[in-house]
Amino acid sequence: MRVTRIKEIRKETERIKTYILEEKVDAIPGQFVMVWIPDVDEKPLSLSYHKGNMGITVLAQGPFTNKLAELRVGDKVGIRGPFGRGFKIVGDSLLLVGGGVGVPPLAALADEAIQNGKKVTAIVGAITKSELLFVDRLENIGVRVLTCTDDGTCGTKGFTTDVLRDILKKEKFDQCYTCGPEIMMLKVLYEAKKKGIPTQISMERYIKCGIGICGHCIVDGTGQRVCKEGPVFRDVDVEKISEFGKYHRDASGTKIYFRNRK
Ligand SMILES: Cc1cc2nc3c(=O)[nH]c(=O)nc-3n(C[C@H](O)[C@H](O)[C@H](O)COP(=O)(O)OP(=O)(O)OC[C@H]3O[C@@H](n4cnc5c(N)ncnc54)[C@H](O)[C@@H]3O)c2cc1C
Ligand code: FES
């Protein structure tokens, strides 16, 4: 565990902030760090900026993330990592599909892919326009961004998977990458598979140790550890994870079933 200070805070949306930390990093997009706030908790967060000063982008939604939202520039946090397997850039034409707070690791991937001369299209979805994340950031580096919102306030009215179905009718991609609500990712996997496009999926499970020791993040079906063999998995592996798109486990190991938003 190292201690670092918050260098900069950017308000991205009403409930989402990016924290640029003083510590520098050279990580793979899709890797995560364990962030510790003394007397509160330690939680896994994907790197939204994976080179130079590390950045995390966080939705305030519970005790830990609400506390993080109260911190100011100069405050200290504990850091472990980066941990886990990140995304692998495959082919020349990449399609990214991100929902809500699943967009941060995909934005890091887009940075890396564009720097490597790849053509990147990103489908970015949110409930409403003000919740859309990193649209300007992605456009500014040369990503083609297609937005969608549940309420139709920006881009297509509907889900990322509606936009995905549409674009896959007209265009071909070498590889698809997705991060967001698990039911969305399940549908992305299905749609991309129909077109023969391999997909890389970033999974979220309750992480405790983060380094493959405690076994808490083991998934049913394959016995893989999300913190070690993941969080990014290939489609062929995800298909064998029997709980994918069905349930995850909370801190005590109790199954929590996903609910479909449709
Ligand atoms: C690999 C990975 C990368 C993540 N990256 C991001 C990110 O970039 N931005 C972001 O905002 N969130 C990210 N998360 C989720 C983040 O860890 C949870 O939002 C955070 O733990 C919530 O804690 P809380 O105390 O604020 O809320 P809680 O009330 O404890 O939880 C809110 C939600 O987060 C889930 N959660 C709580 N603790 C954990 C945990 N230890 N591991 C996984 N899920 C948990 C709960 O099941 C619940 O659905 C990531 C999770 C994982 C596993
Ligand atoms: S969180 Fe301990 S093994 Fe993954």
Side-chain angles (χ1 to χ4, degrees), residues 9-21 25 27-50 54-71 77 79-87 98-109 126 131 133-134 137 178-183 185 200-220 222-233 241 243-244 247-259 261:
I9 300 176
R10 300 175 194 154
K11 187 172 176 185
E12 307 286 1
T13 73
E14 205 45 54
R15 289 194 302 151
I16 300 176
K17 285 181 189 167
T18 293
Y19 305 84
I20 304 293
L21 305 179
V25 71
I28 299 165
Q31 286 192 300
F32 68 93
V33 286
M34 295 299 291
V35 180
W36 176 58
I37 304 177
D39 298 327
V40 183
D41 213 333
E42 190 194 27
K43 295 284 182 172
L45 295 164
S46 301
L47 289 168
S48 53
Y49 293 89
H50 68 292
M54 67 166 78
I56 48 174
T57 300
V58 186
L59 170 71
Q61 60 166 328
F64 174 83
T65 46
N66 285 332
K67 188 70 197 172
L68 191 62
E70 289 172 14
L71 298 187
V77 289
I79 293 283
R80 291 192 294 131
F83 295 136
R85 283 203 190 140
F87 294 109
V101 84
V103 179
L106 294 176
L109 171 66
E131 300 272 310
L133 194 56
F134 289 149
R137 171 181 171 184
T178 185
C179 187
E182 198 152 308
I183 289 175
M185 295 198 290
Q200 296 178 35
I201 290 140
S202 179
M203 271 182 83
E204 265 190 30
R205 283 295 179 270
Y206 202 99
I207 305 288
K208 288 188 177 174
C209 70
I211 51 171
I213 292 171
C214 73
H216 193 84
C217 67
I218 286 177
V219 286
D220 290 346
T222 63
Q224 287 165 302
R225 297 158 297 180
V226 169
C227 72
K228 196 77 182 171
E229 284 77 45
V232 176
F233 292 95
I241 298 174
E243 65 177 65
F244 185 73
Y247 60 85
H248 61 110
R249 291 175 192 275
D250 68 11
S252 68
T254 305
K255 286 181 187 173
I256 313 281
Y257 285 84
F258 294 114
R259 273 175 303 173
R261 276 163 69 209

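We count ligands from 1, going down the list as the structure has it; atoms in each ligand are counted the same way. Heads up: numbering here begins at 1 and tracks the sequence. Excluded from the calculations below are hydrogen atoms, water molecules and symmetry mates; all remaining heavy atoms, backbone and side chain alike, are included.
Between atom 4 (Fe) of ligand 2 and C209 there is no N/O/S contact shorter than 2.8 Å.
Ranking protein heavy atoms by distance to atom 14 (N) of ligand 1, first place goes to E204 OE2, 3.4 Å. For atom 17 (O) of ligand 1, the nearest non-hydrogen atom of the protein is P44 O, 2.7 Å. The single protein non-hydrogen atom nearest to atom 27 (O) of ligand 1 is G62 CA, 3.2 Å, given as residue, atom name and distance. When hydrogens are left out, the protein atom nearest atom 7 (C) of ligand 1 is T57 O, 3.6 Å; that is the closest non-hydrogen contact. When hydrogens are left out, the protein atom nearest atom 3 (C) of ligand 1 is S46 OG, 3.2 Å; that is the closest non-hydrogen contact. The closest protein non-hydrogen atom to atom 18 (C) of ligand 1 is Q61 NE2, 4.0 Å. In terms of protein heavy-atom proximity, atom 43 (C) of ligand 1 is closest to R205 O, 2.9 Å. Among protein heavy atoms, atom 45 (C) of ligand 1 sits closest to Y206 CD1, 3.9 Å.
A donor-acceptor distance shorter than 3.5 angstrom exists from the side chain of T65 to the backbone of Q61, with no hydrogens or angles considered.
Less than 4.0 angstrom separates atom 40 (C) of ligand 1 from at least one non-hydrogen atom of the protein. Distance screen at 4.0 Å: atom 33 (C) of ligand 1 has a protein heavy-atom neighbour inside the cut-off. There is a protein heavy atom closer than 4.0 angstrom to atom 21 (O) of ligand 1. For atom 48 (C) of ligand 1, no protein heavy-atom neighbour is found at a distance under 4.0 Å.
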Go through the steps to decide whether K11 and E14 satisfy the test salt bridge (charged side-chain N to carboxylate O under 4.0 Å, His left out), and finish with yes or no. CA-CA 7 Å; K11 187 172 176 185; E14 205 45 54; 3.4 Å; yes

Steps toward salt bridge (charged side-chain N to carboxylate O under 4.0 Å, His left out) verdict (D39, K67): CA-CA 11 Å; D39 298 327; K67 188 70 197 172; over 6 Å; no

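Side-chain atoms of I241 and M203, non-hydrogen and from C-beta on, do get closer than 4.5 Å to each other. Using a 4.5 Å cut-off on side-chain heavy atoms (C-beta onward), V58 and V35 make no contact. A heavy-atom distance below 4.5 Å is found between the side chains of M54 and I79.
Here the two rings, on Y206 and H248, have centers that are 6.0 Å apart or farther.
Proximity of L45 to ligand 1 is established by a heavy-atom distance of less than 4.0 Å. Ligand 1 lies out of reach of D41, whose nearest heavy atom is not under 4.0 Å from it.
Each of Y19, F32, Y49 was scored for a side-chain contact (heavy atoms from CB on, under 4.5 Å) with I56, with one residue passing: Y19.
Residue-to-ligand polar distances place K43 within reach of ligand 1: an N/O pair is separated by less than 3.5 Å. Distances between N or O atoms of P105 and those of ligand 1 include no value under 3.5 Å. Polar contact with ligand 1: present for L59 (N/O pair, distance under 3.5 Å). Geometrically, ligand 1 and I207 share a nitrogen or oxygen pair separated by less than 3.5 Å. The N/O atoms of N66, backbone and side chain alike, include none that comes under 3.5 Å of an N/O atom in ligand 1.
Across all non-hydrogen atoms, the minimal contact from C227 to I211 is SG-N, 3.7 Å. Across all non-hydrogen atoms, the minimal contact from F134 to P104 is CE1-CA, 3.9 Å. Minimum heavy-atom separation, D41 to K43: OD2-CE, 3.3 Å. Between C209 and C214, the shortest heavy-atom distance links the atoms SG-N, 3.4 Å. Nearest heavy atom pair, residue L106 against residue G98, reads CD1-CA, 3.5 Å. For the residue pair I28 and G86, the shortest heavy atom distance occurs at CG2-CA, 3.8 Å.
Of all atoms in ligand 1, numbered sequentially from 1 with element shown, those under 4.0 Å from a heavy atom of F64 are 24 (P), 25 (O), 26 (O). The ligand atoms of ligand 2 that sit less than 4.0 angstrom from a heavy atom of K208 are 1 (S). Applying the 4.0 Å criterion to heavy atoms of C214 picks out, from ligand 2, the atoms 1 (S), 2 (Fe), 3 (S). Every atom of ligand 2 with a heavy atom of C227 under 4.0 Å away is listed here by number and element: 1 (S), 3 (S), 4 (Fe). Heavy-atom proximity to G212, at under 4.0 Å, picks out these atoms of ligand 2: 3 (S). Each of the atoms 2 (Fe), 3 (S) of ligand 2 lies under 4.0 Å from some heavy atom of G215. Close approach of ligand 1 to T65 (heavy-atom distance below 4.0 Å) involves ligand atoms 24 (P), 26 (O). Less than 4.0 angstrom separates some heavy atom of I213 from each of these atoms of ligand 2: 3 (S).
With a 6.0 Å cutoff to the six-membered ring centre and a 45° limit on the axis angle, R205 does not count as a cation-pi contact of F233.
With a 6.0 Å radius and a threshold of 12 heavy atoms from other residues, nucleotides or ligands, K228 has its NZ atom at or below the threshold.
Atom CG of L59 is separated from atom CG of L133 by 9.5 Å, given to the nearest 0.5 angstrom. Interatomic distance, CD of E243 versus CD of E182, reported as 7.5 Å (0.5 Å rounding).
Remark: among candidates G230, P63, S48, the nearest residue to atom 29 (O) of ligand 1 is P63, based on non-hydrogen atoms. Relative to atom 4 (Fe) of ligand 2, the option among G230, C217, P231 with the closest non-hydrogen atom is C217.
No part of K208 comes within 4.0 Å of ligand 1, judged by heavy-atom distances.
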